[in-house]
There are 2 protein chains.
Amino acid sequence: MNKIRAIDQPLSLTRLAYKRLRETILSGQLKAGEIYNEMALAREMGVSRTPVREALLELSSQGLVTFLPRKGVQVNYFDDRDVEEVFELRKLIELAAVEKAVVNGTAPDWDEVEEILQQSRRAAGKRDLEAFLQADRRFHHQLVEVSRNSRMHSILDNLRDLVQVMSYEAINRVERMDEVVSEHDQIMRALRAGKAIEARDAMATHLDRSERAVLDQHRALMGSSEE
Amino acid sequence: MNKIRAIDQPLSLTRLAYKRLRETILSGQLKAGEIYNEMALAREMGVSRTPVREALLELSSQGLVTFLPRKGVQVNYFDDRDVEEVFELRKLIELAAVEKAVVNGTAPDWDEVEEILQQSRRAAGKRDLEAFLQADRRFHHQLVEVSRNSRMHSILDNLRDLVQVMSYEAINRVERMDEVVSEHDQIMRALRAGKAIEARDAMATHLDRSERAVLDQHRALMGSSEE
DNA sequence: ACGGCTTCTATTCCATGTAATATACTGCGT
DNA sequence: ACGCAGTATATTACATGGAATAGAAGCCGT
């Protein structure tokens, strides 16, 4: 052990504030485009301004909020161009990841992914959006996991956050949940069969469809989110 | 204009502290592995602890420093695995970027890149490391620029920072400077000729060689940077 | 001499105070 | 009624104060 990686910072108010703020943004409780102020946020969570500000700083460098100098902190909103940029990156990373996964993956890895797939299938059956999103996230997460590149991993996590705020309710359409499950299934089958090209193609199809779903929703809401 | 992007934050002490700290790290003035403390850094640059801390927070989320809870802030050091991770990502991004560049690039774009190449050639001739690094950076920067994905851009900037601290003096070997110029030349020629595959291959070769140069230097210094 | 306990110190982490500033509002003059 | 100036207010950006804690150093007993 000659390397000190990000040490556990078990409970720090900054860390806590970060987690809570991120969740409230991802869940849509803090609305995109709205401007909030540090003091109010701090009061609401019962800590001082400092840890809240530090948490917001981190969220800012992840592209979730923007500091508006003497006005407050704005939860970012996204246009079509943003969606395209994010999905372009996801394709780069995740397509490469599945190809690597075919080489690196072992049976236990596949069993793990299979288990996650089961969870998302159950969640889709119960129409449990929260659980579904979580399982969906873990599925993609796990595939990048086997490619063993921690930086790729954290970039992807960030991109997933962006996708989630870009489209909190896009996936809510019931058909899409089932579609996603079946698309994941196809990826999984190709992976187990060791077919790199097929796996890659299946992932590409999946990401393209997800992108389209997000874009369609954006268009549907057009005009309502203008400032 | 319906989109407020990162507003200019013209002069803020935090921004200023960030720039200065980043530069001192990239230039090796703050040494990898060493632990510094906020107050001393703040005193040295004549501001209070707050802006310095906020700057360090940002550097931390970019992976340049690590907060060690009651000890100080450590400038990150990197092992072979880190080098591999970073270059794996660079390849993903930059190879895709050159392919897109062939499609998107216009004559003015190529002229701009050519101009940058000239600068790096001159810098290499004069053995001016500082100027060379800057031109080298601009070269890669410009190629990603034409792919018009701002997020890809900022990720690449971050990766370049990491490469620079991983190997401040690696490129110092005079042969490598000349090699780099010639490798860039080859990429450039393929781009102008509109040959996507060749451009991609040339970039792949370039990145592979750069990675090797960094790894070689790491191996050469083996043992001296152990803690 | 050495191990364990205690004290001290350095440093972050969090809280709060202060000043600058952009925006909104109010009132007056025309 | 409308525009403009002046003022008030809300909010950050920055500074500083206070508390907790991890690690080092010293001390005592054996």
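Throughout, a chain's letter reflects where its sequence line sits, starting with A, and its residues are numbered from 1. All figures in this text were calculated on a predicted structure; none of them were measured in a lab.
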Check the distance between [N]'s [atom2] and [X]'s [atom1] and give it to me in whole angstrom.
{"X": "A/Leu57", "N": "C/dC13", "atom1": "CG", "atom2": "C1'", "result": "15 Å"}
{"X": "B/Lys71", "N": "D/dG23", "atom1": "NZ", "atom2": "P", "result": "6 Å"}
{"X": "A/Glu38", "N": "C/dA15", "atom1": "CD", "atom2": "C1'", "result": "14 Å"}
{"X": "B/Phe67", "N": "C/dC14", "atom1": "CZ", "atom2": "C1'", "result": "14 Å"}
{"X": "B/Arg49", "N": "C/dA15", "atom1": "CZ", "atom2": "C1'", "result": "11 Å"}
{"X": "B/Met39", "N": "D/dA15", "atom1": "CE", "atom2": "P", "result": "14 Å"}
{"X": "B/Leu68", "N": "D/dT21", "atom1": "CG", "atom2": "P", "result": "18 Å"}
{"X": "A/Ile35", "N": "D/dA10", "atom1": "CD1", "atom2": "P", "result": "16 Å"}

Q. Counting distance only, does the side-chain N/O of A/Gln119 pair as donor-acceptor with the main-chain N or O of A/Ala135 below 3.5 Å?
A. no
Q | Dot-bracket pairing map - DNA chain C, Watson-Crick plus G-U, both contacts under 3.5 Å, | cross-strand | A | ||||||||||||||||||||||||||||||
Q: Using a 4.5 Å cut-off on heavy atoms from C-beta on, say whether the side chain of B/Asp136 contacts that of B/Ser120.
A: no
**Q.** N/O donor-acceptor pair, side chain A/Thr50 with base C/dA15, under 3.5 angstrom
**A.** yes
Q.
Taking donor-acceptor contacts at under 3.5 Å, does the side chain of B/Arg70 reach the base of C/dT11?
A. no
Q | SB check B/Glu211 B/Lys91 (cutoff 4.0 Å) | A |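 Looking at B/Glu211 and B/Lys91, the cut-off is met.
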Q. So, A/Asp216 and A/Arg212, do they make that salt bridge, N to O below 4.0 Å?
A. yes
Q) For atom CZ of B/Arg127, is the number of surrounding heavy atoms from other residues, nucleotides or ligands below 6.0 Å larger than 12? A) yes
Q. Does A/Gln134 CD have over 12 foreign heavy atoms under 6.0 Å away?
A.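 For A/Gln134, atom CD is not crowded (no more than 12 foreign heavy atoms under 6.0 Å).
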Q: Start with the C-alpha gap between B/His206 and B/His140, add the side-chain angles, then the distance that decides, and say whether ring-ring contact (aromatic ring centres under 6.0 Å, His included) holds.
A: CA-CA 11 Å; B/His206 174 48; B/His140 289 269; 5.2 Å; yes
Q: Have a look at B/Glu54 and say if it touches a base, only the backbone sugar-phosphate, or nothing, with a 4.0 Å heavy-atom cut-off.
A: nothing
